[in-house]
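Throughout, protein chains are lettered first and strands after them, A, B, ... in sequence-line order, and every chain is numbered starting at 1. Basis for what follows: all heavy atoms, side chains included, without hydrogens, waters or symmetry-related copies.
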Protein chains: 2
Amino acid sequence: MDYQKISKMGLFSGITPEETGKILQCLNAKEKTYRKGDCLCRAGDLVEHAGLLLTGALEIRQNDLWGNQNILSQVEVGELFLEAYACIPKTPSMVDVWALSDCAVLYLDTGHMIQSCPTACSFHTKLIQNLLGALAEKNLQLTKKIVHTSFKTIRERVLSYLSFEAVRQKKRKFLIPFSRQQMADYLSVERSALSKELGKMQRDGLIRYQKNMFEIL
Amino acid sequence: MDYQKISKMGLFSGITPEETGKILQCLNAKEKTYRKGDCLCRAGDLVEHAGLLLTGALEIRQNDLWGNQNILSQVEVGELFLEAYACIPKTPSMVDVWALSDCAVLYLDTGHMIQSCPTACSFHTKLIQNLLGALAEKNLQLTKKIVHTSFKTIRERVLSYLSFEAVRQKKRKFLIPFSRQQMADYLSVERSALSKELGKMQRDGLIRYQKNMFEIL
DNA sequence: TTCTTTTCGTGGTTATAACAACATACTTTT
DNA sequence: AAAAGTATGTTGTTATAACCACGAAAAGAA
């Protein structure tokens with residue numbers, strides 16, 4: 001395992017590569033690889049470990065009984081996933097996790113992360129701070145999606161999403177990480193209806209776009 | 001301050017009243033009271049402290065620019081609120097917090113909670129575990145709301161919500177904590193449209209209800 | 001109690017999104 | 001480069017929810 005690289009990830013920020021190595025042993029960390037299109041977790045599964053994405057990309061989805069996709073979030077390298085379920089033992093997952101590309105995942109035992117040796121290993125404190133920050137961050141991500149999708153019209157949802165994205169990237173012209181279908185799933189609207197509305201918005205002079213490059217006017 | 005009572009709340013579970021008292025001093029805890037209808041926090045405010053609700057009830061809302069209410073969650077006695085923002089300094093709130101009744105709140109400095117004396121005070125470890133659990137729990141709450149509102153029709157949203165509630169309360173006949181308006185806000189639909197759909201669903205033999213008592217058939 | 005205010009259900013109208021079907025453009029594979 | 005597959009935009013139709021207005025019922029205050 002590449003401690004050097006792993007110690008650069010958010011969860012280990014402020015922790016040296018050597019300490020990271022020790023922690024990973026202590027947490028019983030196990031690496032696992034997947035192929036593009038693999039399913040890492042299905043709704044209903046019991047989650048025992050938090051995942052840390054080492055390479056590739058994942059998508060957190062929720063499917064209803066009629067097959068509608070609902071994208072909750074995307075996971076990029078260095079981010080945690082399923083950490084909330086791992087922190088609350090015996091709670092079945094509400095979501096699916098899918099590999100968007102080939103990827104490698106490190107599974108961590110959050111129980112150990114919290115309970116063990118707070119006196120012995122001083123860096124445990126830093127680790128817990130980081131975990132706490134990650135959970136809080138995820139919280140805001142979810143809230144953000146709720147804010148977008150609570151609007152009633154597609155136009156409002158799009159504007160809400162694009163405004164946030166523009167602020168986050170600090171540009172009026174920016175790329176979004178979604179295809180049309182993904183953007184529609186994220187905003188909980190129908191793809192072709194989204195295309196239609198985007199076209200209207202461009203004609204109305206609100207936005208300009210090509211593919212996944214958007215500009216707010 | 002009533003340490004006896006406070007130590008019974010989730011955040012202090014596993015911590016004695018005496019230890020709770022010490023922790024509260026250490027965290028620079030301050031109690032504040034509000035009247036029904038007061039606003040505790042507005043979107044855009046910088047949040048420095050997590051709130052612990054001692055008495056009364058709160059509502060976490062998000063309002064769009066056109067005045068639509070969007071209920072993110074309700075806070076009951078013993079629960080934390082704004083804890084995610086408190087854990088990530090300098091992030092402005094996306095939400096409003098309103099008092100549904102007269103209430104008392106204890107404000108806690110989460111920074112101290114994490115950074116200080118992990119060796120000196122062994123109960124700090126337990127406290128952090130509890131905070132972590134609370135954040136994870138809130139995460140699942142938000143995910144649940146997303147699951148409900150990602151459905152496209154009112155009927156599906158209602159069924160999703162009622163099914164979850166039935167499972168949670170382990171009864172087929174149960175009370176919900178919402179008025180019609182609140183239920184509509186939570187599911188992001190229009191009140192009268194919700195009333196209409198509920199009526200249809202009863203006629204179709206799916207559910208039975210009176211006021212906020214519901215039964216799944 | 002009576003009066004006031006709020007909540008809830010109903011009907012009708014209109015705006016809007018879902019859905020289906022198809023054409024075009026863009027990717028990927030062979 | 002050709003072919004297959006995928007993504008995107010367009011159109012028209014239909015279902016559905018938002019919106020508005022109103023009356024009844026319930027809750028709260030005087």
Quiz item: To the nearest 10 degrees, how far apart in direction are the end axes of the helix from C:dT1-D:dA30 to C:dT30-D:dA1, each fit to five base pairs?
Solution: 60°
Distances under 3.5 Å only, N/O to N/O: pair up the protein atoms with those of nucleotides 27-29 of chain C.
{"from": "C:dT27", "atom 1": "OP1", "to": "A:Lys211", "atom 2": "NZ", "distance (Å)": "2.7"}

Quiz item: Do the two ring centres, one from A:Tyr3 and one from A:Phe12, sit under 6.0 Å apart?
Solution: no
Check nucleotides 28-30 of chain D against the protein and report each pair of N or O atoms closer than 3.5 Å, with its distance, or say if there are none.
none

Practice problem: Just grab all the salt bridge (charged side-chain N to carboxylate O under 4.0 Å, His left out) pairs involving residues 180-193 of chain B, residues at least two apart or on different chains. | Solution: none
Exercise. Mind jotting down which residue pairs meet the side chain to side chain donor-acceptor pair (under 3.5 Å) criterion with at least one end in residues 91-111 of chain B? Sequence neighbours excluded, please.
Key: B:Tyr34-B:Tyr107, B:Arg35-B:Asp102, B:Asn63-B:Asp96
Practice problem: Keeping to residues at least two apart or across chains, list the ring pair (Phe, Tyr, Trp, His ring centres under 6.0 Å) pairs with something in residues 196-217 of chain A. | Solution: A:Tyr209-A:Phe214
Quiz item: Partners of B:Glu165 by salt bridge (Lys or Arg N to Asp or Glu O under 4.0 Å), sequence neighbours excluded?
Solution: B:Arg168
Quiz item: For DNA chain D, which residues in residues 177-184 of chain A have a heavy atom at a distance below 4.0 Å?
Solution: A:Ser179, A:Arg180, A:Gln181
Exercise. Quick one: which residue pairs count as a salt bridge (charged side-chain N to carboxylate O under 4.0 Å, His left out) with a foot in residues 131-145 of chain A, not counting sequence neighbours?
Key: A:Glu83-A:Lys138
Between protein and nucleotides 16-18 of chain D, what N or O pairs are separated by less than 3.5 Å?
{"from": "D:dA17", "atom 1": "OP1", "to": "B:Ile154", "atom 2": "N", "distance (Å)": "2.6"}
{"from": "D:dA18", "atom 1": "OP2", "to": "B:Glu190", "atom 2": "N", "distance (Å)": "3.1"}

Quiz item: Taking only residues at least two apart or on different chains, which pairs with a member in residues 193-205 of chain A satisfy side chain to side chain donor-acceptor pair (under 3.5 Å)?
Solution: A:Arg155-A:Glu197, A:Arg155-A:Asp204
Quiz item: When the distance from CG of A:Asp185 to P of C:dA17 is rounded to whole Å, what number comes out?
Solution: 17 Å
Quiz item: Among residues 201-208 of chain B, which contact DNA chain D at a heavy-atom distance under 4.0 Å?
Solution: none
